[in-house]
Novice: 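Take this structure, written in structure tokens, and hold onto it; I'll ask about it next.
Below, read A as the first sequence line, B as the second, and so on, with proteins coming before strands; counting in each chain starts at 1. Basis for what follows: all heavy atoms, side chains included, without hydrogens, waters or symmetry-related copies.
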Amino acid sequence: MPYSPEQIEPKWQDFWKRHETFRAEVDHAKPKYYVLDMFPYPSGAGLHVGHPLGYTATDIVARYKRMRGFNVLHPMGWDSFGLPAERYAIRTGIHPAVTTKQNTDTFRAQIQRLGFSYDWSREIATTEPDFVRWTQWIFLQLVEKGLAYQAEVAVNWCPAQSTVLANEEVKDGKYIETGDPVEKRLMKQWMLKITAYADRLLEDLEDLDWPEGIKAMQRNWIGRSHGAEIVFPIDGDQGEMRVFSTRPDTLFGATYAVLAPEHPLVAKITTDAQRQAVADYVEKTAKLSSFERAELSRTKTGAFTGAFAVNPVNGAKVPVWVADYVTMDYGTGAVMAVPAHDERDHEFARLFDLPIIEVVRPGSGHDIAAEAWTGDGTLVNSGFLDGLPVAEAKTKIIGWLEEQGAGHARTTYRLRDWLFSRQRYWGEPVPIVHLEDGSWRTVPDQDLPLLPPELEEYGPSPDGEPPLARATDWVNTVDPETGQPARRDLNTMPQWAGSCWYYLRFIDPKNDELFVDPEKERYWMPVDLYVGGAEHAVLHLLYARFWHKVLYDLGHVSTNEPFHKLFNQGMILAHSYRDPNGRYYEPETVEEREGAFWGGGHKLDRQIEKMSKSRFNVVNPDDMVKEFGADSVRLYEMFMGPLEATKLWDTQSVAGVRRFLNRVWRLVHDDADAVDTARLTDAAPDPALAGQMARTIAAVTTDIEEMRFNTSIARLMEVVNTLTPMEARPRGVVTDFVRVLAPFAPHMAEELWQALGHTESIAYAPWPEPDAEALAAGGEELKEYPVQLNGKIRAKVMAAPNLSGDALLDAVKADPKVSELLSDVTVVREIPVKDKLVNFVIAK
RNA sequence: GCCCGCGUGGUGGAAUGGUAGACACAGGGGACUUAAAAUCCCUAGGCCGAGAGGCCGUGCCGGUUCGAGUCCGGCCGCGGGCACCA
């Protein structure tokens, strides 16, 4: 048979399954390597070609590490709680567990067709009772540690989804998943004290081998800023307002103060004369959506309370305003306004004609009336701070405030506590019962898992309560301690809960006693390589680090961080076609004529977009496997470009790697598709081939280590281009080639490995070492040296490799073309570079 | 506005400061074939030139260097993240 992946791929997939080739067990005799993919949510749409991008990369690393003697843990599972299955259930009445099971089966089959070397005996799903049990158990650990609490908080309420959302799930006043509008509402919710870990989450980023961009995003999200809290007494013994400022050095320049409209002090200090105006203003801002309020281009608005605050540093009475450019949920909800040195205060001051006092003077002229100066400078108009640079003034004023009892140094974070409850059905129920006196108790460990009750309908209850309220038998329970009547908590956990610890369960997926056996945990953790999309930069990756640190503090895990090295694969985009009315067309129906695209009688616009059903540009990996084979799909996804880059899918190019694999097949098989004994020789390779092979092994090795798979494959293609025309192919070279090919195209490699006479799987065959001698010799007797004049190439000279200094200069100068070039110029300097080139610097 | 990242042929991309365009896709030419597919060989940055060869060329401007796609400064453009965060 010619190369036919449709036959050899199922054969080897079956072989691996029957022999449990990729089963991993603790083995202290071997170094371990834990390589993990971000497990998918099994959506109804099935896999698209973006999924296998990361999975192929980790599979190559996993297979490579096995060949290098590592004990590799490479598992796969399902993040199977999620909104789509629940929405579908609300529409159809079909239980989400049913849909989830179907989708999971589809995903598993699709993934298995690509021949990844997962240890399927470790497959887990976050929806399985056995998994839910431990997710709830960990939540109760947080409760016990005082890291979970209930609070009446202003939450992001999404009316369309009838649920609250975490801050991280809301952007521009909309739910990031569906685009539904989100409003603020006061509700009692479960919160997790992630802020208690803010410093560690920030500082421990230092030691992680993560992309700098992701680290920056997490730092940004945590948003630590150092400053001071300063007390401004309200004039007339009305109490005090506390403000937070990162620029306490500019205290002398404070000319007014601002309270957020929701600030409790507003009602208290507003004078009778101003009461109506302030009430109107507060009401007006309350009506704005969070989106409108955040609109930056809006001109500032505000109202004067009539009250004055006393600047502690100079006794100046400054007017107190209410303005919605100050928000209640950051710092103290109150600011001292220094229009000279803050752009927002400057804009507000000019609008309402408030004074601007310069207290920091930059080196050169700056018109403080026209624009705020936020940079460094020397303090002026600031009493005992005069003459100091900003940094010193900050230290000095904070010291002074602390002495006077008028304030203190304070660090503030942008990070808020994690809103952890959702009003949904398809999630882990919060294992808490509420007693009639308003107190609550945790569900005892032995009663876990607490599974969602069976329901007829999955939407919110008629009186607006979460869906779980419909199950009255389930809701009404008793206090496990006293037997008093109690009601179950109606909330479920967000989808992030399961993914916060699933990597730990993979280590010991069947343990009935513990969420993970400590000995196994110590062996396998941390995850050595974690690959997934950058969209999880601050959500999953921050939450998981938080839970992990809590588990670490409780002594349940041995590492401070879960994921040592993180790599983000890029997105795969595809062309989509749209007519002037905005209608999309399936690519197969589009005709290309004279450089334009036509469909349905319209001239179409072609654009590059994210794959989505509605744009008709989804590429299904099943179709690709059917047409080209799994090895070709794997190879193409890696060959497209750097793993981290955003790339455009081009089905036509898959044919290119398929042709490459056809040629690989032909290296070992003759025209009759028997093993080509005539051409496979036992002779030693000539130095050129030996050199090329040695360089290839060395290059592919470092390329895999550095996750540059596209260039590895180019190297493999070069080897095939060399071997194909050869009448005699040294068996040793072909064997080494098959071994370095194995992580990339494992089915092909197994088949050829067998054809070459091996009986064992190639999965654990040792990775070849580049032949040091061949590597050093380079395989070349003569080397081409470019000869430059003032850096411009003027000639090329053949000479021996490894020449340096004068030997190289002599060799080059002996060339007639070079001597002619040098005959009528003055050489000022000669620069020979070993094995590279020679540059002559000549005088003009 | 702030923080990341990126600009290289028709296309995807390659290049420890040392021959820019490896490897591939699409294209052009040829061989095989009754024909096509498949396969194989040749060609291929632009301009000038019959050719030898020459000139130009990695978003733009400048700098460092014997030598810059690569390092530095400034601009322009694209993508991502954050954003009245005090």
Novice: Answer yes or no: does atom CD of E705(A) have more than 12 heavy-atom neighbours from other residues, nucleotides or ligands under 6.0 Å?
Specialist: yes

Novice: Under 4.0 Å, counting only non-hydrogen atoms across every strand here, what does G223(A) touch: a base, just sugar-phosphate, or nothing?
Specialist: nothing

Novice: Between atom CG in D329(A) and atom P in A83(B), what is the gap in whole Å?
Specialist: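 Result: 11 Å.
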
Novice: I'd like to know if D815(A) pairs up with K817(A) as an ion pair, taking the criterion as any Lys NZ or Arg NE/NH1/NH2 lying under 4.0 Å from an Asp or Glu carboxylate oxygen.
Specialist: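 No, this pair does not count.
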
Novice: Nearest whole angstrom, please: distance from the P of G13(B) to the CD1 of I572(A).
Specialist: 12 Å

Novice: Distance between the C1' atoms of G30(B) and U19(B), in whole angstroms?
Specialist: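 Per the computed distance, 30 Å lies between those C1' atoms.
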
Novice: Within the structure, does a side-chain N or O atom of R414(A) lie under 4.0 Å from either OP1 or OP2 of G81(B)?
Specialist: no

Novice: Nearest whole Å is fine: how far is C40(B) P from F660(A) CZ?
Specialist: 13 Å

Novice: Between D670(A) and R679(A), is there a salt bridge with N-O shorter than 4.0 Å?
Specialist: no

Novice: CZ of F348(A) versus P of A86(B): gap in Å, rounded?
Specialist: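 These atoms are roughly 18 Å apart.
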
Novice: Only pairs with both distances under 3.5 Å count, Watson-Crick or wobble alike; so what is the partner of C2(B) in this structure?
Specialist: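 Across all strands, the one nucleotide that pairs with C2(B) is G81(B).
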
Novice: Determine the Euclidean distance between corresponding P atoms of C4(B) and C75(B); express it in Å to zero decimal places.
Specialist: 15 Å

Novice: Tell me whether the side-chain N/O atoms of S225(A) come closer than 4.0 Å to OP1 or OP2 in A86(B).
Specialist: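 Checking A86(B) against S225(A), a side-chain N or O does come within under 4.0 Å of OP1 or OP2.
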
Novice: Under the side-chain contact (heavy atoms from CB on, under 4.5 Å) rule, what do Y785(A) and K836(A) come out as? Steps first, then yes or no, please.
Specialist: CA-CA 6 Å; Y785(A) 290 89; K836(A) 296 285 184 197; over 6 Å; no

Novice: Mind checking the C1' distance from G27(B) to G9(B)? Whole angstroms is fine.
Specialist: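 Those two atoms are separated by 13 Å.
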
Novice: Using whole Å, report how far NE2 of H575(A) lies from P of A26(B).
Specialist: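 Distance check: H575(A) NE2 to A26(B) P gives 14 Å.
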
Novice: Just to be sure I understand the rule, does R659(A) reach a base, reach only the sugar-phosphate, or reach nothing, if contact means heavy atoms closer than 4.0 Å?
Specialist: sugar-phosphate

Novice: For C85(B) and R344(A) - does any side-chain N or O of the residue sit under 4.0 Å from the phosphate oxygens OP1/OP2?
Specialist: yes

Novice: Rounding to the closest angstrom, what is the interatomic distance between G51(B) and A38(B) at atom P?
Specialist: 33 Å

Novice: Looking only at atom C1', what distance separates A24(B) and A31(B), rounded to whole Å?
Specialist: 23 Å

Novice: If only side-chain N and O atoms count, and only distance matters, is there a donor-acceptor pair under 3.5 Å linking N662(A) with R666(A)?
Specialist: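 R666(A) vs N662(A): no donor-acceptor pair found between side chains.
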
Novice: Which part of the nucleic acid does R663(A) contact within heavy-atom distance under 4.0 Å: base, sugar-phosphate only, or nothing?
Specialist: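 The answer is sugar-phosphate, as R663(A) gets under 4.0 Å only of primed atoms, P, OP1 or OP2.
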
Novice: How does each nucleotide of nucleotides 3-8 of chain B score, in 5' to 3' order, for protein heavy atoms under 4.0 Å: base (B), sugar-phosphate only (S), or none (-)?
Specialist: -S----

Novice: Determine the interatomic distance between P on G62(B) and the same-named atom on G46(B); round to the nearest Å.
Specialist: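 G62(B) and G46(B) have their P atoms separated by 27 Å.
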
Novice: Heavy-atom count check: over 12 atoms from other residues, nucleotides or ligands less than 6.0 Å from E240(A) CD?
Specialist: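 Yes, CD of E240(A) has more than 12 neighbouring heavy atoms, counting only those of other groups under 6.0 Å.
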
Novice: As a test of the definition: with a 90° window around 0 for syn, would you call G77(B) syn or anti?
Specialist: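 Classified anti.
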
Novice: Can you tell me the base-pairing partner of G27(B)? Count Watson-Crick or G-U wobble geometry only, both distances below 3.5 Å, and say none if there is no partner.
Specialist: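 Partner of G27(B): U43(B).
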
Novice: Salt-bridge test for E830(A) and K813(A): reply yes if a basic N is under 4.0 Å from a carboxylate O, no otherwise.
Specialist: yes

Novice: Does G62(B) pair with anything, Watson-Crick or G-U wobble, both distances under 3.5 Å, and if so, with which nucleotide?
Specialist: C72(B)

Novice: List the residues meeting side chain to side chain contact (heavy atoms under 4.5 Å, CB included) with A340(A), not counting sequence neighbours, and say none if there are none.
Specialist: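 By the side chain to side chain contact (heavy atoms under 4.5 Å, CB included) rule, A340(A) matches I356(A), I368(A).
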
Novice: Grab the N/O contacts between the protein and nucleotides 18-23 of chain B below 3.5 Å, and write none if there aren't any.
Specialist:
from   : atom 1 : to      : atom 2 : distance (Å)
G18(B) : N2     : Q788(A) : OE1    : 3.4
U19(B) : O2     : K796(A) : NZ     : 3.1
U19(B) : N3     : E784(A) : OE1    : 2.9
U19(B) : O4     : E784(A) : O      : 3.4
A22(B) : O2'    : E718(A) : OE2    : 2.6

Novice: When the C1' atoms of A20(B) and G69(B) are compared, how many Å lie between them, rounded to an integer?
Specialist: 7 Å

Novice: Using a 4.0 Å heavy-atom cut-off, does R658(A) contact any base of the nucleic acid, only the sugar-phosphate backbone, or nothing at all?
Specialist: nothing

Novice: Take R829(A) and A655(A), find for each the nucleotide of RNA chain B with the closest heavy atom, and name the residue whose nucleotide sits nearer the 5' end.
Specialist: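 Its nucleotide being nearer the 5' end, the pick is A655(A).
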
Novice: Just to be sure I understand the rule, does P642(A) reach a base, reach only the sugar-phosphate, or reach nothing, if contact means heavy atoms closer than 4.0 Å?
Specialist: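 Touches sugar-phosphate only.
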
Novice: Answer yes or no for R410(A) and F244(A): cation-pi contact, defined as NZ/CZ to six-membered ring centre under 6.0 Å and angle to ring axis within 45°.
Specialist: yes

Novice: What is the distance from CH2 of W221(A) to C1' of C82(B), rounded to the nearest Å?
Specialist: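 Going from W221(A) (CH2) to C82(B) (C1'), I get 8 Å.
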
Novice: Pairing donors with acceptors under 3.5 angstrom, does anything connect the side chains of T301(A) and Y281(A)?
Specialist: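 Yes, side-chain donor-acceptor contact under 3.5 Å.
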
Novice: In terms of the nearest nucleotide of RNA chain B, which residue is placed more toward the 5' end: G641(A) or Q652(A)?
Specialist: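 On the 5' side of the pair lies G641(A).
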
Novice: Find the distance E820(A):CD to G53(B):P and express it as a whole number of Å.
Specialist: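 One finds 12 Å between P of G53(B) and CD of E820(A), rounded.
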
Novice: Using atom CG of D650(A) as one end and atom C1' of G10(B) as the other, report the distance to the nearest whole Å.
Specialist: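 Taking atom C1' of G10(B) as the reference, CG of D650(A) is at 13 Å.
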
Novice: Quick one: is K792(A) getting a side-chain N or O under 4.0 Å of the C56(B) phosphate, OP1 or OP2?
Specialist: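 Checking K792(A) against C56(B): at least one side-chain N or O falls below 4.0 Å of OP1 or OP2.
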
Novice: Are R247(A) and D342(A) close enough for a salt bridge, meaning some N to O gap below 4.0 Å?
Specialist: no

Novice: Taking a pair as Watson-Crick or G-U wobble with both distances under 3.5 Å, which nucleotide is matched to A15(B)?
Specialist: none

Novice: Can you tell me the Watson-Crick or wobble partner of A22(B), both distances under 3.5 angstrom?
Specialist: none

Novice: So, Y256(A) versus F352(A), ring centres under 6.0 angstrom or not?
Specialist: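 No, they do not, as the ring centres are separated by 6.0 Å or more.
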
Novice: Taking the C1' atom in each of C2(B) and G12(B), what is the distance between them to the nearest angstrom?
Specialist: 33 Å

